[in-house]
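Index from 1, following the sequence.
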Amino acid sequence: VTGTGADVPDDAALVVALAPRRSLRPESLAALERDLARGGRLLAFLEPGASSGLEELLRRFGLESPDALVVDPASGAVAGDAPGLSPLAFSYVEHPVTRGLDKGRMTFFHGARPFVPRKPEPEDQVRGVVLASGRSWLAPDPSRVDGAAPVRPPDAVEDYHPLVAAGRYLRDGVETRIVAFGDVDLASNQYLRTLYNLDLVLNAALWAAEREADITIRPKAVVSGRLQLPLPLQNTLTMFQSVGLLLPQLLLIAGIITWARSRAA
């Protein structure tokens, strides 16, 4: 799909939307919605403080994402951020997207917006699958945080705010699948190898593309004959601080036809 609004090819296994920073053209969003209506698959990555039009499209599928920043006091200061701004997720709902992940296999989000899952239709299956800790709360204006510790609003509610949500929709004889992430950085070259981020992203892509049989926790890789991945968080962040590694591999492994970031001219 490009800015021209051309339809998604019929043989596309999966559409990937990588957190466009500007509003997508209406014709591009319409093309994506047409694809989903005919049983398409979407892997969407959003970002706090950014609005692309994907947010409204996801809302219509029950994957509402308020433009807020998840602050999780259970997570310390990592990646140069103030404490709580980069959640370490260890709470997972049982789902193919989270298969093999548990409290000992955490995932790392470099700033994330939440989801409020709901069922647009009674038979839809929509749920949050990766959750911040029960101590997490929402900072309502991400643009004012800028790496500093936000001031907690008096009415902030602590909850297990979803960081990743998945939806499965069987309508008019076709099945649509969507997985939405509240953060795109976890899938970037810089952070994809952090902890179990790679497993989570690949699990999501495989489930959305109906390749559940291929979902597994990948063996740890050996680096320089000594180190195994995933490393502890700080070692991982240091080791891959400026190395581009895996996003192209991710798309190849999952057999994904990528939807390029369409931006308004």
Under 3.5 Å, is there a donor-acceptor pair between the side chain of Asp35 and the main chain of Gly40? no
Check for a donor-acceptor pair, side chain of Asp159 on one end and backbone N or O of His161 on the other, with a separation under 3.5 Å. no
Rounded to the nearest 0.5 Å, the OH atom of Tyr169 sits from the NZ atom of Lys119 at a distance of 11.5 Å
Are any non-hydrogen side-chain atoms of Leu170 and Glu123 less than 4.5 angstrom apart?
no
Walk me through whether Leu195 and Leu88 qualify under side-chain contact (heavy atoms from CB on, under 4.5 Å). CA-CA 9 Å; Leu195 301 177; Leu88 290 173; 3.7 Å; yes
All heavy atoms of Tyr92 vs all of Arg105, minimum pair found to be OH-O, 2.9 Å
- Query: Should Asp124 and Arg171 count as an ion pair when the cut-off is N to O under 4.0 Å?
  - Reply: yes
Shortest non-hydrogen pair, Gly134 vs Tyr160, comes out as N-CE2, 3.2 Å
Rounded to the nearest 0.5 angstrom, the CG-CZ distance for Leu200 and Phe181 is 4.5 Å
Interatomic distance, CG@Asn203 vs OG1@Thr98, rounded to 0.5 Å, equals 8.0 Å
Q: Classify the ring geometry between Tyr191 and His110 as parallel (under 30°), tilted (30 to 60°) or perpendicular (over 60°).
A: tilted
Report task. Would you check if the side chain of Glu33 reaches a backbone N or O of Leu57 as a donor-acceptor pair within less than 3.5 Å? Result -> no
- Is the number of heavy atoms from other residues, nucleotides or ligands under 6.0 Å of Asp172 CG greater than 12? no
Cationic N near anionic O, under 4.0 Å, Arg60 to Glu56:
yes
Of all heavy-atom pairs linking Ala165 and Leu63, the shortest is CB-CD2, 3.6 Å
- Does a side-chain heavy-atom distance below 4.5 Å link Ser75 with Ser86? no
Check: Is there a side-chain contact between Leu138 and Pro114 (heavy atoms, below 4.5 Å)?
Finding: yes
